[in-house]
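Every chain is numbered from 1 and lettered A, B, ... according to where its sequence line falls, protein lines coming before strand lines.
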Protein chains: 2
Amino acid sequence: MTQEQEKVSKEQLILEAAEYEFFTKGFAGARTTTIAKRAGVTHAMLHYYYRTKEQLFERVVEKNAATIGQAMLAAMGNPAKPIIERLRDGISAHFDLIVAHPMLPRFFLNEIGAYPERYNLLTDHLGATANKLFTELQDEADAATERGEIEQVDVRMLFISMLSLNIFPFIVYPLGQNIMTDMMGDKEHFLERRKAENIELIMRRIKKQ
Amino acid sequence: MTQEQEKVSKEQLILEAAEYEFFTKGFAGARTTTIAKRAGVTHAMLHYYYRTKEQLFERVVEKNAATIGQAMLAAMGNPAKPIIERLRDGISAHFDLIVAHPMLPRFFLNEIGAYPERYNLLTDHLGATANKLFTELQDEADAATERGEIEQVDVRMLFISMLSLNIFPFIVYPLGQNIMTDMMGDKEHFLERRKAENIELIMRRIKKQ
DNA sequence: CTTTGCATTAACAAAATTGTTAAATAAAAT
DNA sequence: ATTTTATTTAACAATTTTGTTAATGCAAAG
């Protein structure tokens, strides 16, 4: 009878509680006792399964690092499509991925900002794959410029703009909610509008005029 | 002879060291002993002048809260100028203020994200002044739209776009440096380009087409 | 010059937080 | 059934971090 119910192991519960705690408070602000309490276990259990706070943190980072790469990849769009569609779809897909993981950006940006050395492996790996995609995308953009389809653009600059527009609303949300309550009150609706706005901004940026 | 040299009191040195520590590590990650060491005093001195870590933190927040408001105000531009110039100047002035205080955005956004209740006073105050300016600016934008000068826009949406574009590069810098070393290596030059890019994006967004 | 008040230090205390261990319990394998 | 292995608990230990205090030094005011 316990076979059906007890699908989630305590080990799993701890990891999930840790994720929430680390995402909201960061490594320094997280408390292992709070994590244990949230998971509904004694804090000795936490150490039994993960030994140290550091190792538990590493597990959380590992579990989510792939999503960052996935988001970046998605942002590059589908190479088969024409550049304009490709960019539009890239922005959209990237935005949707953040909606699915809204706490990730603030967490990673802040932890990397506070302890950059810790993340050299992650950022190096990210940089390698990104730069390949950048040169490929730049070639395609240049070709489109030659054909008179779009303005001449630096795709890396465009990429930064896209990241800024897509990520920032999620970082500023707690603050924004207090300032623009009416606009940001209905989160679903706000995000929908925001996504459209971001696409509009980038489309207008590359539009030939 | 000590009159000329000892211009900076230890109290001041502690506050400055605290600022750096809190800005880089956040409240939770900051260590009062590290602050004292950086200031070149014993950690008892820190408690002598500021009693607790919390109070020291509050002093740092107080000292910098005004800058946030100042930046927001600057972003609204000069009401005397026509709307297009007003927006252009607003973005530029806002960007320059962040250049002068590059660690502020990440600090405040993260602390507010982690402990929102703590900042209700600050955000309420910010919200009050901002909303007045928003309605005033929206009226002006609507008038310009009537005259066929610009597209119809929601100035609050435009404001979020502007904040995103101006602030995000400073938050992502530690990560970006590792990924786009060539582009972001020369910080001065990168920021100059980035500022121009942000203005271009917003100008194109409002341009009648 | 001496008294008063502020600045400074060193040593100590308290609390919070992480981590350990040995014993108890439950589950699984033989 | 019994042995073995994994899980769980409670109590404890170590460390880190914040905060206090009492004694000392020092500079300015009277």
Side-chain angles (χ1 to χ4, degrees), chain A residues 1-63 107 110-111 114-115 117-118, chain B residues 1-63 107 110-111 114-115 117-118:
Chain A
M1 48 174 74
T2 49
Q3 276 175 323
E4 304 259 329
Q5 301 168 322
E6 229 229 278
K7 212 70 207 166
V8 276
S9 65
K10 307 222 162 172
E11 187 173 357
Q12 185 63 19
L13 283 175
I14 293 168
L15 193 67
E16 278 162 23
E19 201 168 81
Y20 181 83
E21 176 84 352
F22 284 131
F23 281 4
T24 49
K25 311 273 180 64
F27 178 80
R31 300 287 155 236
T32 54
T33 52
T34 307
I35 293 171
K37 219 171 278 170
R38 174 174 286 269
V41 303
T42 63
H43 85 281
M45 287 298 299
L46 184 149
H47 292 289
Y48 172 71
Y49 282 117
Y50 299 97
R51 290 207 62 81
T52 68
K53 182 184 177 183
E54 285 250 2
Q55 282 184 47
L56 177 55
F57 182 76
E58 276 165 31
R59 290 288 297 271
V60 170
V61 168
E62 275 169 33
K63 190 188 162 195
F107 171 69
N110 207 60
E111 289 296 323
Y115 314 94
E117 337 73 41
R118 243 185 179 167
Chain B
M1 53 176 72
T2 49
Q3 277 174 324
E4 305 258 331
Q5 301 168 325
E6 228 229 277
K7 211 72 209 164
V8 276
S9 65
K10 306 221 164 173
E11 188 173 357
Q12 185 63 20
L13 283 174
I14 293 168
L15 193 68
E16 280 162 23
E19 201 167 79
Y20 181 82
E21 177 82 353
F22 284 132
F23 281 5
T24 48
K25 311 272 181 65
F27 178 80
R31 296 289 108 103
T32 53
T33 51
T34 307
I35 293 171
K37 220 171 278 169
R38 173 174 287 269
V41 303
T42 63
H43 85 281
M45 287 299 299
L46 184 148
H47 292 289
Y48 174 70
Y49 282 117
Y50 299 96
R51 292 207 58 83
T52 69
K53 182 184 177 183
E54 285 248 2
Q55 283 184 47
L56 178 55
F57 182 75
E58 276 166 30
R59 289 288 299 271
V60 170
V61 168
E62 275 170 31
K63 190 188 161 195
F107 171 70
N110 206 59
E111 289 297 322
Y115 314 94
E117 336 75 40
R118 245 184 178 167

J.: OP1 or OP2 of D:dT7 less than 4.0 angstrom from a side-chain nitrogen or oxygen of A:K10, does that happen here?
T.: no

J.: Taking CZ from B:R31 and P from C:dT17, how many angstroms apart are they, rounded to a whole number?
T.: 10 Å

J.: What is the nucleic acid contact for A:Y49, judged by heavy atoms within less than 4.0 Å: base, sugar-phosphate only, or nothing?
T.: sugar-phosphate

J.: Could you tell me the separation between the OH atom of A:Y50 and the P atom of D:dT7, rounded to a whole number of Å?
T.: 12 Å

J.: Check whether any side-chain nitrogen or oxygen of A:T33 sits under 4.0 Å from OP1 or OP2 of C:dT17, and answer yes or no.
T.: no

J.: I need the CD-P distance between B:E11 and C:dT8, as an integer number of Å.
T.: 10 Å

J.: Kindly confirm or rule out a cation-pi arrangement of B:R118 over B:F27, judged by NZ or CZ under 6.0 Å from the six-membered ring centre and within 45° of its axis?
T.: yes

J.: For D:dT9, does OP1 or OP2 lie under 4.0 Å from any side-chain N or O of A:T42?
T.: yes

J.: What is the distance from NZ of B:K37 to C1' of D:dT18, rounded to the nearest Å?
T.: 14 Å

J.: Tabulated below should be each protein N or O lying under 3.5 Å from an N or O of nucleotides 19-22 of chain D; please produce it.
T.:
| from | atom 1 | to | atom 2 | distance (Å) |
| --- | --- | --- | --- | --- |
| D:dG19 | OP2 | B:K53 | N | 2.7 |
| D:dG19 | N7 | B:H43 | NE2 | 3.3 |
| D:dG19 | O6 | B:H43 | NE2 | 2.9 |
| D:dT20 | OP1 | B:R51 | NH2 | 3.4 |

J.: With the threshold set at 4.0 Å, does a side-chain nitrogen-carboxylate oxygen contact exist between A:E19 and A:K63?
T.: yes

J.: Would you say the ring centers of A:F107 and A:F22 fall short of 6.0 Å from each other?
T.: no

J.: With a non-hydrogen cut-off below 4.0 angstrom, is B:A30 in contact with a base, only sugar-phosphate, or nothing?
T.: sugar-phosphate

J.: What is the distance from CZ of A:F57 to P of C:dG19, rounded to the nearest Å?
T.: 14 Å

J.: For the side chain of A:K53 and the backbone of A:A30, is there at least one donor-acceptor N/O pair under 3.5 Å apart?
T.: yes

J.: For atom OH of A:Y115, is the number of surrounding heavy atoms from other residues, nucleotides or ligands below 6.0 Å larger than 12?
T.: yes

J.: To the nearest Å, give me how far apart CE (A:M45) and P (D:dA10) are.
T.: 12 Å

J.: Just wondering, do B:I35 and B:L46 contact through their side chains at under 4.5 Å, heavy atoms?
T.: yes

J.: How long is the line joining CD1 of A:I35 and C1' of C:dG19, in whole Å?
T.: 14 Å

J.: So B:T34 and B:K37, do their side chains get closer than 4.5 Å, heavy atoms only?
T.: no

J.: Round to the nearest Å and state the distance from A:K25 atom NZ to C:dT17 atom P.
T.: 10 Å

